[in-house]
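Shown next, in structure tokens, is the structure this report addresses.
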Amino acid sequence: EPEVTQTPSHQVTQMGQEVILRCVPISNHLYFYWYRQILGQKVEFLVSFYNNEISEKSEIFDDQFSVERPDGSNFTLKIRSTKLEDSAMYFCARGGQGLNQPQHFGDGTRLSIL
Amino acid sequence: DQQVKQNSPSLSVQEGRISILNCDYTNSMFDYFLWYKKYPAEGPTFLISISSIKDKNEDGRFTVFLNKSAKHLSLHIVPSQPGDSAVYFCAASGWETSGSRLTFGEGTQLTVNP
């Protein structure tokens with residue numbers, strides 16, 4: 001049983017459209033992460049979120065991406081104007097409290113851009 | 001990004017024998033290392049971790065060894081079971097330089113034959 005629940009499990013969207021991917025933690029945590037895995041490639045870090053603010057982001061996380069925790073529970077990743085190359089598995093993870101704690105992943109959302 | 005590398009895309013072992021999965025890294029600032037297991041259509045599941053102050057960590061059938069001078073870590077599974085068949089990812093983080101973001105290897109597909 002994953003410690004975070006991601007919805008939807010599969011999202012199909014036309015290029016140029018906005019998508020919102022959602023992550024719901026089972027219990028209250030402060031550290032959240034988004035990663036993606038393009039088919040056949042490595043799992044890549046996108047962004048980390050601590051105490052309702054972005055704490056780190058990768059070079060992939062450009063202006064078309066945003067994250068927020070709108071209601072104190074759900075944690076969302078928004079892609080404003082999707083491109084074909086955004087097609088990937090997107091994983092949300094929650095972190096432990098403190099240094100050197102493992103991250104625990106959800107089952108992911110498969111995003112397909114047509 | 002070649003900072004974490006798993007050179008073997010696949011490994012096949014007999015049930016009951018030892019499985020040894022290997023991982024190399026290049027960034028000397030990494031100080032925390034993790035192994036994840038991934039089944040199809042699921043997210044990565046945390047298995048075991050080790051910090052750079054140790055050279056071995058054991059949890060049941062799983063043992064991780066860290067050789068800092070060689071920048072190499074390995075995961076030993078003994079005895080291997082058919083249910084261990086999955087993709088195994090190593091990952092690393094270095095708090096001082098890259099915070100808590102995880103850098104992943106390519107993964108190794110382990111198949112345990114009955």
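These numbers come from the heavy atoms of this one structure, side chains and all, not from hydrogens, waters or symmetry mates. Note that the structure is a prediction, hence the values are computed from the model and not measured. Quick note on labels: first sequence line is chain A, next is B, and so on, each numbered from 1.
- By the criterion of side-chain heavy atoms lying less than 4.5 angstrom apart, applied directly or through intervening Ile, Leu, Val, Met, Phe, Trp or Tyr residues, B:Ile18 is not grouped with B:Val112; the two fall into different hydrophobic clusters.
- Heavy atoms closer than 4.5 Å to chain A are found in the side chain of B:Tyr36, but not in its backbone.
- B:Leu102 and A:Tyr35 make their closest contact through N-OH, 3.0 Å (heavy atoms, listed as atom of the first residue, atom of the second, distance).
- Between A:Phe91 and B:Lys38 there is a side-chain heavy-atom pair separated by less than 4.5 Å.
- Residue contact with chain B, scored on non-hydrogen atoms closer than 4.5 Å, is absent for A:Ser55.
- By the 6.0 Å contact criterion, CD on A:Glu53 is open, its count of non-hydrogen atoms from other residues, nucleotides or ligands being 12 or less.
- In terms of hydrophobic clustering, with Ile, Leu, Val, Met, Phe, Trp and Tyr side chains grouped at heavy-atom distances under 4.5 Å, A:Val43 and A:Ile38 are assigned to different clusters.
- Proximity to chain A among residues 22-34 of chain B is limited to B:Asp31, B:Tyr32, B:Leu34, judged by heavy-atom separations below 4.5 angstrom.
- The aromatic ring centroids of A:Phe45 and B:Phe104 lie 6.0 Å or more from each other.
- In the displayed structure, B:Arg17 atom CZ is contacted under 6.0 Å by at most 12 heavy atoms of other residues, nucleotides or ligands.
- A continuous path of Ile, Leu, Val, Met, Phe, Trp and Tyr side chains, each step under 4.5 Å between heavy atoms, connects B:Trp35 with B:Phe62, placing both in one hydrophobic cluster.
- Interface check for chain B: of the options A:Gln41, A:Glu44, A:Gln103, A:Gln6, the most heavy-atom pairs under 4.5 Å are formed by A:Gln103.
- Annotation: side chain of A:Phe105 is not in contact with side chain of B:Phe46 (no heavy-atom distance under 4.5 Å).
- The shortest non-hydrogen separation linking B:Arg101 to A:Lys57 is NH2-O, 3.3 Å.
- Considering CZ of B:Phe89 and CD of A:Gln37, their distance stands at 5.0 Å, rounded to 0.5 Å.
- B:Glu106 contributes atom CD, which lies 4.0 Å from atom NZ of A:Lys42 (distance to the nearest 0.5 angstrom).
- Linking Ile, Leu, Val, Met, Phe, Trp and Tyr whenever their side-chain heavy atoms come within less than 4.5 Å puts A:Ile60 and A:Tyr90 in one cluster.
- A donor atom on one side chain and an acceptor atom on the other are found under 3.5 Å apart for A:Tyr33 and B:Ser100.
- More than 12 heavy atoms of other residues, nucleotides or ligands sit less than 6.0 Å from atom CG of A:Leu84.
- Atom CE in A:Met89 sits 10.5 Å away from atom CD in B:Glu42 (nearest 0.5 Å).
- Separating the CD atom in A:Gln101 from the OG atom in B:Ser93 is a distance of 10.5 Å, to the nearest 0.5 Å.
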